[in-house]
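We number each residue from 1, following the sequence as shown. Every heavy atom of this structure was used, including side-chain atoms; hydrogens, water molecules and symmetry mates were not.
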Amino acid sequence: MNSSIRRSLFTSVTRPQRQRPAAAQSDQPAMSPATAAALVPSNPLPEITHGFEAAFEPDPACVSGARRITTAFLPLCGVCGQLADSIVLAVSELVTNAVRHGKGDVDLRLSISRNELLIEVTDGNPNPAEMNTSGTDEESGRGLLLVDALARKWGVTPDGTTTWCVFLLLVEKP
């Protein structure tokens, strides 16, 4: 099965963002060290975003292409080990959901800014992705449960067409 893939790498400079007051910070519970965080050996990340975008035909074969692109990109940004594996798994689950439930092409965007890595998968379906509880004998239906367990946070855009998740990158001080 041949799947059409359009890719682009990008680097963009962003304006420094003001720090939100502590009261405005996310009300997400604190993460355990084992979930969605790892030390990335580097100097503090500048106000630059690195990432890539890829568009796929909605074919199950495109999931492996999304994994390969992500796996090749992460070491370029100093993201390795268990964190990289978790990010690749999240990409795989979100792209699989988009192929199965989406309408039209599947767009994958991964961007790293400051200490966060954002994954966005757009599938054109206005019905938002929802976490399901699958029975022990069911073969599918656990993708968003995995994303929820691995990522710092996840959600869906208001129009329902994009599912996203964020991974925290802890920067190791020199």
ask   = Would you say the side chain of V121 lies within less than 4.5 Å of the side chain of T162, judging by non-hydrogen atoms?
value =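 No; the side chains remain at least 4.5 Å from each other.
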
I need the minimum non-hydrogen distance between [X] and [Y], along with the two atoms involved.
X    : Y    : value
F167 : S86  : CZ-O, 3.8 Å
A90  : I119 : CB-CD1, 4.1 Å
P75  : C80  : CA-SG, 4.4 Å
V99  : C62  : CG2-SG, 3.6 Å
F73  : G51  : CZ-CA, 3.5 Å
V156 : W164 : N-NE1, 3.4 Å

inquiry  = Between T71 and R67 (side chain of the first, backbone of the second, donor and acceptor by atom type, cut-off under 3.5 Å), is there such a pair?
reply    = yes

Rounded to the nearest 0.5 Å, what separates atom [atom1] in [X] from atom [atom2] in [Y]?
X    : Y    : atom1 : atom2 : result
H50  : L110 : NE2   : CG    : 12.0 Å
I112 : L117 : CD1   : CG    : 4.5 Å
E116 : C165 : CD    : SG    : 11.0 Å
S64  : D59  : OG    : CG    : 9.0 Å
L150 : Q82  : CG    : CD    : 9.0 Å
L94  : W154 : CG    : CH2   : 9.0 Å

Residues which pass side chain to side chain donor-acceptor pair (under 3.5 Å) with [X], listed by chain and number, not counting sequence neighbours:
X    : result
T96  : none
T157 : D159
N125 : N127

query = Which residue pairs satisfy the salt bridge (Lys or Arg N to Asp or Glu O under 4.0 Å) criterion with at least one member in residues 119-128, sequence neighbours excluded?
reply = R109-E120

task = Run the numbers on F56 and L108 for side-chain contact (heavy atoms from CB on, under 4.5 Å), then give the verdict.
result = CA-CA 8 Å; F56 305 93; L108 167 65; 4.1 Å; yes

Test applied, side-chain contact (heavy atoms from CB on, under 4.5 Å); reference residue, K153; option that passes from L168, V147, V166 =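 Single side-chain contact (heavy atoms from CB on, under 4.5 Å) partner of K153 among L168, V147, V166: V166.
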
query = Given the rule in the side-chain contact (heavy atoms from CB on, under 4.5 Å) test, do L169 and L83 qualify, once you have shown the distances and angles that lead to the verdict?
reply = CA-CA 9 Å; L169 306 175; L83 178 61; 3.3 Å; yes

